[in-house]
There are 2 protein chains.
Amino acid sequence: MSDKRIEIMDLAEKLIRTKGYNAFSYKDISVPLQIKNAAVHYHFPKKSDLGEAIILRTRSTFQKKHIEWEQCLPKEKLNNFIALYEKNQSLNLVCLVGALGSSYESLPENMQNSLTKMSGEIRGWMQKVLKEGLQNKEFNFTETAEEKTDVVIAALLSSLILDKVIRKNILKSVKASILKSI
Amino acid sequence: MSDKRIEIMDLAEKLIRTKGYNAFSYKDISVPLQIKNAAVHYHFPKKSDLGEAIILRTRSTFQKKHIEWEQCLPKEKLNNFIALYEKNQSLNLVCLVGALGSSYESLPENMQNSLTKMSGEIRGWMQKVLKEGLQNKEFNFTETAEEKTDVVIAALLSSLILDKVIRKNILKSVKASILKSI
DNA sequence: AAATATACTTACTAGTAAGTAAGAATCCAA
DNA sequence: TTGGATTCTTACTTACTAGTAAGTATATTT
């Protein structure tokens, strides 16, 4: 992959995660990177190609992380996962699922499909982590692992959005609550 | 308020809550309502006027609900609040805060401000409900009311987004988890 | 040295976006 | 009944959007 291709993806991802997929144009990429509009189209013929590439890259980043964490205990896996959101918070970015999911019906089909696939994988991974933690008595919540998974991923997702909207550190209290209730 | 004005707001709200603020145009309103583009501009000169009107309407709807529920016990208030999300789910709509908040930085300033105000009010209301429930022993979670509030509102907000993305009934398990852990 | 692939630029198109100025139809009150 | 307010339409402008066709510069391979 060429340098410019990565620069384009990096900037596009930042734009998606601050303003949304429908609020940026190829001009917002070509001007800062000092290339022409058509150069962006050379790397990503359609805007949806760019969008999909970003989802697939995020998905593969997650997969690598999960493998990296394989030897960790469930509690540590959960902590690592939460740390990803803290990283996003420090960069003032909402997560990709939140950024794209809220306007799901406006997305091109290829983006919908890869987003659905990635989100399902993350949810599946979290279910395994919580189940494992229940079994080895690291966790002892009263809900089922499936139920707890959905609150955890949902609360983390929104906390980055609400951080911006409410202008309070929502992620901080969400993290505290999750760790206390698990 | 004229009939058409309300029809415009109803349709625009639906568009915002399915496709997002930046993914609809006045044409998407004028064509279905069989009026001209300029007629929409007559009622709402700028798109941001329409956006703000929708936020303010939602805000006042919430305020009315809260007054309506004043005599209810905390548990019932919480149930009523969750029921609002179940209603949204049945209509296949994400909530307004989720729809707009994820692209917060692309929103016109007047919309950012009214969205922030409304979200703060909802959070404040929920904090009061949870505190009241702790005091009268209806609830007995271990977190602080502030922490629990943020998980509850964050999880509910995302559950409508994740419902669409993951194509599972996330709200159902989020509801179950909240009610079991409170 | 010639051929080829890569990474662009130039220059364009067709369509859509938000927004406006001016005028017409309708209703309602003085 | 006439004058004004309300609610539109007609007709338009300016600016941007995604996308493309054709050509150019540079590097890489054969």
Determine whether a donor-acceptor pair (N or O, by modelled atom type, separation under 3.5 Å) exists between the side chain of A:Arg59 and the backbone of A:Met118. no
In whole angstrom, what separates A:Leu50's CG from D:dT17's P? 15 Å
Can you list, by residue number, the residues of residues 14-31 of chain B that have a non-hydrogen atom closer than 4.0 angstrom to DNA chain C? B:Phe24, B:Ser25, B:Tyr26, B:Lys27
Among residues 35-49 of chain B, which ones have heavy-atom contacts with DNA chain D below 4.0 Å? B:Ile35, B:Lys36, B:Ala38, B:Ala39, B:Tyr42, B:His43
Expressed as a whole number of angstroms, how long is the span from A:Ile6:CD1 to C:dA7:C1'? 15 Å
In terms of hydrophobic clustering (I, L, V, M, F, W, Y; side-chain heavy atoms under 4.5 Å; direct or indirect links), are A:Ile161 and A:Leu84 co-clustered? yes
Is there a donor-acceptor pair closer than 3.5 Å between any side-chain N or O of A:Asn37 and the backbone N or O of A:Tyr26? no
Do NZ/NE/NH1/NH2 and the carboxylate oxygens of A:Glu147 and B:Lys175 come within less than 4.0 Å? no
Any donor-acceptor N or O pair under 3.5 Å, side chains A:Ser173, B:Glu146: no
Between the side chains of A:Ser181 and B:Lys148, does any donor sit under 3.5 Å from an acceptor? no
Backbone N/O of B:Asn110 and side chain of B:Asn113: donor-acceptor pair under 3.5 Å: no
Do A:Asp150 and B:Leu162 come close enough that some side-chain heavy atom pair is under 4.5 Å? no
